[in-house]
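Report on the following structure.
Just so it is clear: chains get the letters A, B, ... in the order the sequence lines come, proteins before strands, and each one is counted from 1. Note that the structure is a prediction, hence the values are computed from the model and not measured.
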Number of protein chains: 2
Amino acid sequence: MIKAQTLKGFRDFLPKDAKKREYVINALKKVFESYGFEPLETPSLEYEEILAGKYGTEGDKLMYKFEDNGKRKIALRYDQTVPLARVVAEYQNDLPMPFKRYQIQNVWRAENTQKGRYREFMQCDIDTVGSPSLSADAEIISCALETVRKLGFKNVKVLVNDRSVFYFKTSFDISSDKISFVIRTIDKLKKIGDDGVLSELKKGGFAKEEAEEILNGIKNIKETNSISNIRTLLKDAGVDESLIEFSPSLARGLDYYTGIIFEIVSEDYPYGSVAGGGRYDNLIGVFSGKQIPAVGISFGFDRVIEAMDELNLFPAGLSVTKVLITNTNEKKALEVGKTLRENNINTEIYLEEKDLEKQLKYADKKDIPFAIIFDKDKLILKDMIRRTQETLTIEEILTELKKP
Amino acid sequence: MIKAQTLKGFRDFLPKDAKKREYVINALKKVFESYGFEPLETPSLEYEEILAGKYGTEGDKLMYKFEDNGKRKIALRYDQTVPLARVVAEYQNDLPMPFKRYQIQNVWRAENTQKGRYREFMQCDIDTVGSPSLSADAEIISCALETVRKLGFKNVKVLVNDRSVFYFKTSFDISSDKISFVIRTIDKLKKIGDDGVLSELKKGGFAKEEAEEILNGIKNIKETNSISNIRTLLKDAGVDESLIEFSPSLARGLDYYTGIIFEIVSEDYPYGSVAGGGRYDNLIGVFSGKQIPAVGISFGFDRVIEAMDELNLFPAGLSVTKVLITNTNEKKALEVGKTLRENNINTEIYLEEKDLEKQLKYADKKDIPFAIIFDKDKLILKDMIRRTQETLTIEEILTELKKP
């Protein structure tokens, strides 16, 4: 017999986890839509040439690529930004500009699973395409802050930096092929500290004095005009100024950012940012042959779920089903079920006339908070959490079950 | 430059279409959950051996299969039933039984796109696993009927049949390898009529008299006990009896059904059923080594959207955004935006202080029904559909925009 198993790095989401995911997705969508972002879906499979070369050597290696029956070279979605660039080029005459979209779909990366990474995971992105205005950057930040607050995160702040700060003057030349390395190293400052950064810079070929000059340069850098403007725009939008922290060592991994970059963090969850993004004015135009400015943010969906679990941010009543009607008289059960559903109460009817104990155990296993039991012509409402029960009329039951 | 294009049979869903899809998915989930079905997600990729051989020769041919970097033979999800069977085997000790789940995910099939078929499409399934009771069949039918009604379909009915009717006595032997062919042919009765069925049966090797006996046999068959019981259960659940039509020629393509089969149709949309399913007691146990009864239904998502478009069932106000705040004074625009969002009104602020005409055109292009214009210190609310406008206080604007 074939063994029932999933591939390494791929996951099933049984109802308990699937409901948490639904909860987060719904919360994200609601805030995204309150800011005028609209949904976009792109195919899971694209021509390989659309994706190839856009994510660096590492990306090309991790991409799921294969040939279809028609010998076409195709690849699974690796992120949502390159498909967005394709969409912007393909429908340039139909899309309103600026084009503000959200996208919540899976991506696939053949990551090393030993690092606790997944090979299929959900990305949640908002991006504004076609506006060079800092207002777009500020709006993305404001929307992202609102999102994490709506999810229940406390002590939230946004770290902001400007890619241009990395081009500060040094007394020696940093060759252009070293810039990326320097930025990636500085990005680790909070994690590995001054000594760590100095040691990595030295390993990378800088003299001790050069490494120190780079580190001091970053630390002494002043907030740029762009960042001050963002600060003003956020203030006008009602965002408390103390939430905005200039962070000159913030670099973000991706090479494609060209301006403001930012991360949303919560002090209660010190294991990394829950969202990150920035301005990237050179990528979206790659299929259009012209420069198209863009700014966006991506939520780390798995990390959000993990953080919410750890910080107990999921509401207690995530159970989809409000009440189990036990089945000792199917005709009556069906009648009561109809009435409850007409009153918008999620109702499960036990499917067989079986031992009552067994039916109540089933309700427990599914975390259903209430059960209805028939006592001849009377109805008993059992509170499965408090383990109390009461004989009630159907109207009283409706009132009880409609309470939030 | 690389051409911006999608693969044949794969689709982008721009906001206008993506919103329709969201609308249908939300409506489906709401009804599914009102019946106690809970969400399940399975990975897009599975070991090929899990899927191979489960969908017949044709299925094996249409499946997207390839080798990953680790030389594992893997395949993209082809339907949601075989993954469900795997889940039931893999987590048999953790799942409540009966296990009632809904699943709304994409599947991939390398179909011939010339027939207007897609290679990536969404499936929406509900299934009840682990109950042999006809109550489970009746509940699936009742839930599916409620779903299509909630979507706005009128003149809906359910065609019901029982696979056992195909094993009626004939004066000659129908060899076991011909049974599938006979069932598939009878299934076309409504489409190709008596003559069509007779001619196909004859082409398939039956004598004229045999073909006629088969056709008459089907037409004269009486409703089975199972179907009568379903009828009673549906009646008890409040389903109008006239909606349930015994249809002895209904066969459903798939070989795996073992009992009651059914389709939901609307007389207003004669191009095929919007949902179909049945009982299949031999499939779910394939990875568990035991027989596990199951019944389910699958909604034709693309057909539902197509039908709703044709029948005008989508509400007018699918626009995500309720109001565009035009931008002639960004500070004020941001302030008003904050107030509107705090009142749960989806609000877009135009991102640049630009020519007003241009901003209003943008609202039109995005089908945003209202715009706010600043007239010095006063606010004008413009109704973009009626092309009327009025100077109002912020409180009056809130009242107006909160109307459904």
Side-chain angles (χ1 to χ4, degrees), chain A residues 1-2 4-7 10-15 18-19 22 33-34 36 38-47 49-50 66 68-69 74 86-87 89-91 96 98 101 106 110 120 131 133 135-136 236-238 287 289 320-321 330-331 334-335 338 341 346-348 351-352 362 365-366, chain B residues 1-2 4-7 10-15 18-19 22 33-34 36 38-47 49-50 66 68-69 74 86-87 89-91 96 98 101 106 110 120 131 133 135-136 236-238 287 289 320-321 330-331 334-335 338 341 346-348 351-352 362 365-366:
Chain A
M1 201 162 44
I2 291 162
Q5 60 178 346
T6 39
L7 287 155
F10 290 82
R11 295 167 289 173
D12 290 311
F13 298 103
L14 302 187
K19 281 182 273 185
E22 294 263 314
E33 295 186 350
S34 81
E38 298 194 309
L40 172 72
E41 294 177 55
T42 67
S44 304
L45 287 163
E46 298 265 4
Y47 280 104
E49 63 167 14
I50 297 279
F66 60 104
D68 72 5
N69 293 344
I74 59 180
R86 180 191 48 71
V87 162
E90 198 168 337
Y91 310 94
R101 78 92 177 81
N106 281 331
E120 175 177 50
S131 172
S133 164
S135 303
D236 288 345
F287 302 110
V320 157
T321 312
E330 186 146 14
K331 194 168 184 304
L334 287 167
E335 276 167 23
K338 182 171 190 287
R341 287 189 191 121
N346 289 350
T347 303
E348 178 162 356
L351 286 170
E352 285 160 66
Y362 173 82
K365 191 154 188 181
K366 283 189 78 170
Chain B
M1 201 163 45
I2 291 163
Q5 60 178 346
T6 40
L7 287 156
F10 290 82
R11 295 168 288 173
D12 290 312
F13 297 102
L14 302 186
K19 282 183 268 184
E22 294 262 314
E33 295 186 351
S34 80
E38 298 194 310
L40 172 72
E41 292 177 57
T42 67
S44 303
L45 287 163
E46 298 265 5
Y47 280 105
E49 63 166 14
I50 296 279
F66 60 103
D68 72 5
N69 293 346
I74 60 179
R86 181 191 48 72
V87 162
E90 197 167 337
Y91 311 93
R101 78 91 175 81
N106 281 331
E120 175 176 50
S131 172
S133 165
S135 303
D236 289 345
F287 302 110
V320 157
T321 312
E330 187 146 11
K331 194 169 186 301
L334 286 167
E335 275 168 26
K338 182 171 190 286
R341 289 191 188 118
N346 289 350
T347 303
E348 177 161 357
L351 287 169
E352 286 161 64
Y362 174 82
K365 191 154 188 182
K366 284 189 79 171

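Both the backbone and the side chain of A:Glu33 come within less than 4.5 Å of a heavy atom in chain B. The contact between A:Lys365 and chain B is made entirely by side chain atoms (from C-beta outward), counting heavy-atom distances below 4.5 Å. For A:Tyr362, the part lying near chain B is the side chain, with the backbone staying farther off; criterion is any non-hydrogen pair under 4.5 Å.
Side chains of B:Glu330 and A:Ser135: a donor on one and an acceptor on the other come within 3.5 Å. When only modelled atom types and interatomic distance are considered, B:Glu352 and A:Ser133 share no side-chain donor-acceptor pair under 3.5 Å.
What you find for A:Glu120 and B:Pro43 is that their closest heavy atoms are OE1-CA, 3.2 Å. Closest heavy-atom contact between B:Pro96 and A:Lys366: CG-CG, 3.7 Å. Taking all atoms of both residues into account, the shortest heavy-atom contact from B:Leu7 to A:Glu46 is CD1-C, 3.6 Å.
Residues A:Tyr47 and B:Gln5 have side chains in contact (heavy-atom distance under 4.5 Å, counting atoms from C-beta outward). No side-chain heavy atom of A:Arg11 sits less than 4.5 Å from a side-chain heavy atom of B:Glu41. Taking 4.5 Å as the limit, every side-chain heavy atom of B:Phe13 sits out of range of all side-chain heavy atoms of A:Leu40.
Counting heavy-atom pairs closer than 4.5 Å to chain B, the top residue among A:Ile50, A:Val87, A:Leu14 is A:Leu14. By number of non-hydrogen pairs under 4.5 angstrom with chain B, the leading residue of A:Thr321, A:Leu334, A:Asp12, A:Ile74 is A:Asp12. Interface summary for chain B: among A:Glu22, A:Glu335, A:Arg101, the most heavy-atom pairs under 4.5 angstrom belong to A:Glu22.
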Query raised in the report: Is there a side-chain contact (heavy atoms from CB on, under 4.5 Å) between B:Thr6 and A:Glu90 once you walk through the steps?
Result: CA-CA 9 Å; B:Thr6 40; A:Glu90 198 168 337; 3.8 Å; yes
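Ion pairing between A:Lys338 and B:Asp236 fails under the 4.0 Å rule for side-chain N and carboxylate O.
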